Amino acid sequence: MSEGETHPSTDQPRVVLAPEVVGGLWLDAACAALFEAWRDGQLRPVVNRDLLMRYARLWRVLGLPAVQVRRWSWWFTSPATAWFLPDDRSASSNVIECCANLAILSGAACAIHRGIVPAPEGAVRWLTASDFLRPN
């Protein structure tokens, strides 16, 4: 990385993962496939402190042990695997607003959700995990 650069340049599309997708990893085949695509370098999640805290609360509710919460947090904050914005301390009142603001701030290609809640209209492109993975 060059001086002052905090993230490696990459051709991977940056995406914001709604917490329902992160929690859906263990419940939904499309979410699991999305995480496989991340593992295989086909996308790069964008995360800020607000979203990471929402993920951590969800992991705790799902019963993950503290060591697993720390490991997942590391994955979502490592420059090698994600696009973490440590200086973005904005906090949103709801998860949709949180994801949309982060997508706009980071220039993410889209926000990804499970389809449980209808995607809002606006400047951010919302896709289900299945739609994101579907070949063009």
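This is a predicted model, so every value here is computed, not measured.
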Rounded to the nearest 0.5 Å, how far apart are [atom1] of [X] and [atom2] of [Y]?
X      : Y      : atom1 : atom2 : value
Cys31  : Leu133 : SG    : CG    : 9.0 Å
Phe132 : Arg125 : CZ    : CZ    : 8.5 Å
Gln12  : Thr81  : CD    : OG1   : 9.5 Å

Quiz item: When you measure from the centre of the six-membered ring of Trp83, is the NZ or CZ of Arg14 under 6.0 Å away and within 45° of the axis?
Solution: yes
Expected output: side-chain [X] to main-chain [Y] donor-acceptor under 3.5 Å:
X      : Y     : value
Ser106 : Val46 : no
Thr77  : Ser73 : yes
Glu97  : Ser92 : no

Flag the pair [X] / [Y] as yes when at least one side-chain heavy-atom distance between them is below 4.5 Å, and no otherwise.
X      : Y      : value
Tyr55  : Val21  : no
Val22  : Phe76  : yes
Cys98  : Ile96  : no
Cys110 : Val16  : no
Ile112 : Asp131 : no
Leu102 : Leu85  : yes
Arg49  : Phe84  : yes

Looking at [X] and [Y], what are the two nearest heavy atoms and their distance?
X      : Y      : result
Ala109 : Pro13  : CB-CB, 4.4 Å
Leu43  : Trp38  : O-CD1, 3.6 Å
Leu34  : Ala129 : CD2-CB, 4.3 Å
Ala111 : Val124 : CB-CG1, 4.0 Å

Exercise. Specify whether Phe35 and Trp72 have parallel, tilted or perpendicular ring planes, treating 30° as the upper limit for parallel and 60° as the lower limit for perpendicular.
Key: perpendicular
Quiz item: Should the ring pair Trp126 and His113 be called parallel, tilted or perpendicular, given that the plane angle runs from 0 to 90° and is split at 30 and 60?
Solution: perpendicular
Quiz item: Same cluster or not: are Trp74 and Leu25 linked, directly or through other Ile, Leu, Val, Met, Phe, Trp or Tyr residues, by side-chain heavy atoms under 4.5 angstrom apart?
Solution: yes
Quiz item: Should Val95 and Leu62 be counted in the same cluster of Ile, Leu, Val, Met, Phe, Trp and Tyr side chains packed under 4.5 Å apart?
Solution: no
Practice problem: Taking only Lys NZ, Arg NE, NH1 and NH2, and the carboxylate oxygens of Asp or Glu, determine whether Asp28 and Arg114 approach each other closer than 4.0 Å. | Solution: yes
Exercise. Could you check Asn101, Asp87, Asp88 and say which one makes a side-chain hydrogen bond (donor to acceptor under 3.5 Å, both in side chains) with Asn48?
Key: Asp88
